[in-house]
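The structure appears right after this line, and notes come after that.
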Number of protein chains: 2
Amino acid sequence: MTARAAQTSPRKRAGNGAARQHDADEIGLDALVGHAGYAVRRFQIWIFQDFIRTLGDVDIRPTQYSVLTVIGANPGLSQMAVAKRLGIERARLVHLLDSLEQRKLVKRVKSKEDRRSHALHLTAQGETALAKFKRLAAEHERNVEAKIGRENREQLLRILAGFT
Amino acid sequence: MTARAAQTSPRKRAGNGAARQHDADEIGLDALVGHAGYAVRRFQIWIFQDFIRTLGDVDIRPTQYSVLTVIGANPGLSQMAVAKRLGIERARLVHLLDSLEQRKLVKRVKSKEDRRSHALHLTAQGETALAKFKRLAAEHERNVEAKIGRENREQLLRILAGFT
DNA sequence: GGAAGATTGTTGTTGACGACAACAATTGGC
DNA sequence: GCCAATTGTTGTCGTCAACAACAATCTTCC
């Protein structure tokens with residue numbers, strides 16, 4: 001509280017040269033408050049941690065989930081197409097797919113039309129697994145709703161719809 | 001457009017086994033739409049890239065800026081206090097401060113009260129530099145406003161205020 | 001038809017970042 | 001005074017974005 005009051009003149013070197021104890025949660029952020037990026041970053045960290053925790057039993061991370069979802073909804077896509085759509089580097093997608101293919105969730109099929117590219121498909125096992133992942137992801141989404149409120153979550157989705 | 005229509009039954013394997021060309025931006029996201037985490041992640045990437053670009057001339061990244069800001073507003077803090085306040089690992093903060101100290105923006109002063117800890121201060125050079133960084137950060141914030149709109153940015157800050 | 005340039009998947013490197021574990025120095029509880 | 005906790009530091013590991021280079025293949029252009 002005293003710290004919060006003291007910040008009315010944040011530039012000055014606080015007068016008391018001898019250190020005063022800051023009680024950890026009364027440390028001012030000054031200019032950081034009012035920066036959208038800072039709030040978004042902290043929120044994104046929280047939301048990813050909850051996602052990873054909620055899907056911990058099935059060992060699926062957010063990026064893996066996004067890849068599986070896009071392939072499931074658009075079978076036959078090339079790696080480039082998936083990478084572009086999700087904003088992932090194609091170099092990075094290689095490792096992601098290596099992992100998912102080892103786990104028999106995804107298969108790379110040589111494309112007949114363009115022999116450079118691979119057509120991506122879910123395996124049968126991948127289809128049923130994804131269904132389970134989606135149920136868990138929905139549970140995670142309910143956690144988000146519980147954290148920030150139903151109304152706020154919907155406004156958030158509306159505001160950021162352009163980035164999806 | 002055709003792809004968007006086809007997604008009304010997204011589960012099915014799209015009928016046409018032979019690959020159909022997806023025109024890159026008509027690829028469906030299926031369950032990803034409606035996930036707050038995905039939108040937030042994409043937005044966070046955009047916002048950080050703009051921050052890094054806008055402060056490219058002074059070579060300051062978002063995390064460095066947050067550290068400088070907190071130290072500037074609360075001189076004399078220990079490394080633990082800064083790390084806790086910003087949600088940074090204290091191990092990570094060591095490297096951040098090494099870099100900032102090399103650039104003569106921050107100094108670590110041995111604390112008299114607790115000889116384990118360091119009191120963190122901006123150098124004179126650091127103070128003037130931070131003032132410049134704040135001007136550039138404000139410019140970045142105006143870019144955010146231009147991207148999502150003034151109203152939406154304010155709602156976003158309000159919704160996520162609890163995470164700062 | 002064939003050379004030149006672009007695209008696709010792959011491998012590798014770099015650096016920022018979060019998480020975790022261990023350690024020495026120091027502090028504080030008892 | 002002794003034992004537990006804290007602080008800064010070092011190190012490792014894994015995720016992730018950004019590049020660069022490469023072989024195979026496709027496309028364009030002459």
Side-chain angles (χ1 to χ4, degrees), chain A residues 19 21-22 24 37-38 41-42 44-53 55-56 59-67 76-101 106-120, chain B residues 19 21-22 24 37-38 41-42 44-53 55-56 59-67 76-101 106-120:
Chain A
Q21 303 303 13
H22 291 264
Y38 181 71
R41 174 62 172 160
R42 297 295 296 258
Q44 191 254 318
I45 290 175
W46 181 90
I47 213 170
F48 265 45
Q49 281 174 343
D50 184 84
F51 187 100
I52 293 170
R53 191 176 50 76
L55 280 84
D59 192 29
I60 287 289
R61 315 189 96 260
T63 312
Q64 296 175 313
Y65 179 74
S66 70
V67 170
L77 282 189
S78 71
Q79 298 186 193
M80 262 310 290
V82 171
K84 243 183 216 156
R85 187 62 188 87
L86 291 177
I88 301 174
E89 288 243 1
R90 70 183 196 274
R92 165 133 188 70
L93 188 59
V94 172
H95 301 296
L96 285 168
L97 289 174
D98 286 349
S99 160
L100 294 175
E101 206 171 23
V106 167
K107 59 185 174 223
R108 289 187 246 223
V109 182
K110 287 194 171 182
S111 170
K112 285 278 183 182
E113 300 85 39
D114 188 339
R115 307 214 315 275
R116 293 170 302 179
S117 68
H118 294 157
L120 301 175
Chain B
Q21 304 301 15
H22 291 265
Y38 181 70
R41 175 63 171 158
R42 296 297 297 261
Q44 192 254 318
I45 290 174
W46 181 90
I47 213 170
F48 264 44
Q49 281 173 344
D50 185 84
F51 187 100
I52 293 168
R53 190 176 50 76
L55 280 84
D59 191 29
I60 287 291
R61 314 190 98 259
T63 311
Q64 296 175 314
Y65 179 74
S66 70
V67 170
L77 282 189
S78 70
Q79 297 186 193
M80 262 310 290
V82 171
K84 243 183 215 155
R85 186 62 187 86
L86 290 177
I88 300 174
E89 288 245 1
R90 68 181 198 276
R92 165 128 192 74
L93 188 58
V94 172
H95 300 298
L96 285 168
L97 289 175
D98 285 349
S99 159
L100 294 175
E101 207 171 22
V106 167
K107 59 184 174 225
R108 289 187 247 223
V109 181
K110 287 193 170 180
S111 170
K112 284 277 183 183
E113 300 83 39
D114 188 339
R115 307 218 313 275
R116 294 171 300 182
S117 68
H118 294 158
L120 301 176

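Chain naming here is simple, since letters A, B, ... match the order of the sequence lines and numbering starts at 1 in each. Every heavy atom of this structure was used, including side-chain atoms; hydrogens, water molecules and symmetry mates were not.
- Within 3.5 Å, a donor on the side chain of B/Arg116 pairs with an acceptor on the base of D/dT6, or the reverse.
- Contact annotation: B/Arg53 side-chain N/O to D/dA18 OP1/OP2 distance is not under 4.0 Å.
- When each of A/Asp98 and A/Ser117 is assigned the nucleotide of DNA chain C with its nearest heavy atom, A/Ser117 is the one assigned upstream, toward the 5' end.
- DNA chain C is contacted by both A/Leu97 and A/Ile45; A/Leu97 maps to the nucleotide lying nearer its 5′ end (nearest heavy atom per residue).
- A/Met80 has its CE atom 16 Å from the C1' atom of D/dT27, to the nearest Å.
- Phosphate contact (OP1/OP2 of D/dC16, side-chain N/O of A/Arg61, threshold under 4.0 Å): present.
- Among the heavy atoms of the strands lying under 4.0 Å from B/Gln49 are primed sugar atoms or P, OP1, OP2 only; no base atom is included.
- Only one option out of B/Met80, B/Gln79, B/Lys107 pairs with B/His118 in a side-chain contact (heavy atoms from CB on, under 4.5 Å); it is B/Gln79.
- By the 4.5 Å heavy-atom criterion applied to side chains, A/Gln49 and A/Ile52 are not counted as neighbours.
- Atom pair B/Phe48:CZ and C/dC17:P shows a separation of 8 Å (rounding to whole Å applied).
- One atom, OH of B/Tyr65, and another, C1' of C/dC17, lie 20 Å apart when rounded to the nearest Å.
- Within the 4.5 Å cutoff, the side chain of B/Asp98 has heavy atoms near those of the B/Arg108 side chain.
- We find that CD of A/Gln79 is positioned 17 Å from P of C/dT7, with the value rounded to whole Å.
- As rounded to whole Å, 12 Å separates atom C1' of C/dG18 from atom CZ of B/Arg41.
- In this structure, B/Arg42 contributes its side chain and A/Leu86 its backbone to a donor-acceptor pair below 3.5 Å.
- Using a 4.0 Å cut-off, some side-chain N or O of A/Arg115 falls inside it from OP1 or OP2 of D/dC26.
- Residue B/Trp46 contributes atom CH2, which lies 17 Å from atom P of D/dA17 at whole-angstrom precision.
- The closest donor-acceptor contact from the side chain of A/Gln64 to the backbone of A/Leu100 lies at 3.5 Å or more, if one exists at all.
- In this entry the distance linking NE2 of A/His118 with P of D/dA24 reads 14 Å, nearest Å.
- Mapping A/Glu89 and A/Lys112 onto DNA chain D by nearest heavy atom places A/Glu89 closer to the 5' end of the strand.
- When the nearest nucleotides of DNA chain D are assigned to B/Val94 and A/Arg92 by heavy-atom distance, the more 5′-ward of the two goes with B/Val94.
- The residue B/Arg90 sits close to a base: some heavy atom pair falls under 4.0 Å.
- The side chain of A/Gln64 contributes no N or O atom lying less than 4.0 Å from OP1 or OP2 of D/dT15.
- Atom-to-atom, CZ of B/Arg42 to P of D/dC16 comes out at 14 Å; the value is rounded to the nearest Å.
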